[in-house]
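Taking it in order: structure first as structure tokens, then the write-up.
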Amino acid sequence: MPEGHTVHRLARTFASLYAGQTLRVSSPQGRFADGAAVLSGRRLVASEAWGKQLFLGFAPADGSDAEVTGMTSASDVLWLRIHLGLYGAWTFAGAPDTPEVVHAIGAPRKRIGERETTAPPAATEGSTSEGSTSEGSTSDGSTSDWVVPEPRGQVRVRLLGDHAVADLTGPTACEVITPEEKRAVEARLGPDPIRDDGDVEAFVARVGRSRVTIAQQLMDQVVISGAGNIYRAEVLFRAGVDPLRPGRDVPAAVLRVIWDDLVVLMRDGADRGAIVTTRPEDRGSRPGRPPEEALPPEGRGRTRQNTDGTPGAVPSDQAFYVYHRAGLPCRICGTPVLVKELAGRNLFWCETCQT
DNA sequence: TTGGGATGGCCAT
DNA sequence: TGGCCCTCCCAAA
């Protein structure tokens, strides 16, 4: 489930998993059958993220030898634009010797090296012709005994490469677009802190022009791309800024601190596959504060799917300062964390630490 | 078995 | 601002 860090991680994953490969694209669910037909048999030559948008570039399989990177303007490239929305997800499965799959975090479900115990049904008429495919004839033989699993759930898109398969469920957006259309989408997106071309000053200028609260502006993808409800709550806490303060009342220097912190936090999130904003010394219980178990259940943090279960990961109930911690004592001052619905989303903050 | 959420965003009003 | 869409999962009944 995505904030921008997840999408960047996915972009990397697709690059390492499929770059240069001719992919078979299908729509087991059927709702992307036309787009799948257009893309299937093309070669993946680019995998990019901008904020929460994922762009996968497909060149003609027999076309000019586009480089795997840096061919974003090639006119014969078609782009698959994907936005996961609130609950879209990629599920990966691959041959047991496909290390990249292990790192395909961000998609909460992954099936690594899973094998079907029953023989795959013969291909039938209809939209699911991609169903199950023995990979026994792969050129290098490395996946000789891997059987592509059946799609599970409402799979909008399936991307099948040489040694892995990726299934997309529940996206908000999933469409094939031209290079010009891609540029038009990007023109409407604010700067992305994870990208090298992310423009701090554009962010600062934009926020400073508006009376809209800083909390709402951090969620506005025109102002800044990639931050979601967790990062906005956490970065405002770390900066000590009252989320309800109008953007124009936040000093530019503080806005730069917020941006710089997002750069660090989101790049870290993309690397580790989970959002962690707490400093080690602020995790766990402290003397003088009740342990979380002593608090009413409704006050307890509950965040699913923030990690992929990696051993040694920071537990999700210690990963945040305020997100999903309504009623719990602030990790710094002990004041109960507040929650309020703002523009349809829950906003968490500490009124003592954030002024 | 049901129903309410969830790290989003679009559209109409 | 409210309604609606996309889908899955877990707690409550």
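In what follows, every heavy atom counts, from backbone to side chain, and hydrogens, waters and symmetry copies are set aside.
- A salt bridge between A:E48 and A:K182 is present, with a side-chain N of the basic residue lying under 4.0 Å from a carboxylate O of the acidic one.
- Rounded to a whole Å, the CG atom of A:L86 is 9 Å from the P atom of B:dG9.
- In this structure, CG of A:L262 is placed 17 Å from P of B:dT7, rounded to the nearest angstrom.
- Side-chain nitrogen and oxygen atoms of A:R232 include none within less than 4.0 Å of the OP1 or OP2 phosphate oxygen of B:dG8.
- Atom C1' of nucleotide B:dT7 and atom OH of A:Y323 are separated by 5 Å, given to the nearest angstrom.
- In this structure, the CG atom of A:L84 is 10 Å from the C1' atom of B:dG8, given to the nearest Å.
- Within the nucleic acid shown, A:N346 comes within 4.0 Å of sugar-phosphate atoms alone, with no base atom in reach, counting heavy atoms only.
- Partner assigned to B:dT1 is C:dA12, using Watson-Crick or G-U wobble distances below 3.5 angstrom.
- Within 4.0 Å (heavy atoms only), A:G153 reaches sugar-phosphate atoms of the nucleic acid but no base atom.
- Rounded to an integer number of Å, the gap from A:W90 CH2 to B:dT7 P is 22 Å.
- In this entry the distance linking CG of A:L189 with C1' of B:dG8 reads 13 Å, nearest Å.
- Contact check on A:R272 versus A:D268 returns a salt bridge, with a Lys/Arg side-chain nitrogen under 4.0 Å from an Asp/Glu carboxylate oxygen.
- Within 4.0 Å of A:R156, counting heavy atoms only, lie sugar-phosphate atoms of the nucleic acid but no base atom.
- Rounded to a whole angstrom, the distance from the C1' atom of B:dT7 to that of C:dT1 is 22 Å.
- Considering only side-chain atoms of A:Q29, the nucleotide from B:dT7, B:dG8, C:dT7 that sits closest is C:dT7.
- A:T172 places no side-chain N or O within donor-acceptor distance of the main-chain N or O of A:H83, the cut-off being under 3.5 Å.
- Comparing B:dC10 with C:dC8, their P atoms sit 22 Å apart, to the nearest whole Å.
- Across all strands shown, B:dA12 is found opposite C:dT1 as a Watson-Crick or G-U wobble partner, with both distances under 3.5 Å.
- The CD1 atom of A:I224 sits 13 Å away from the P atom of B:dG9 (whole-angstrom rounding).
- The P atoms of B:dT13 and C:dC5 are separated by 15 Å, rounded to the nearest whole Å.
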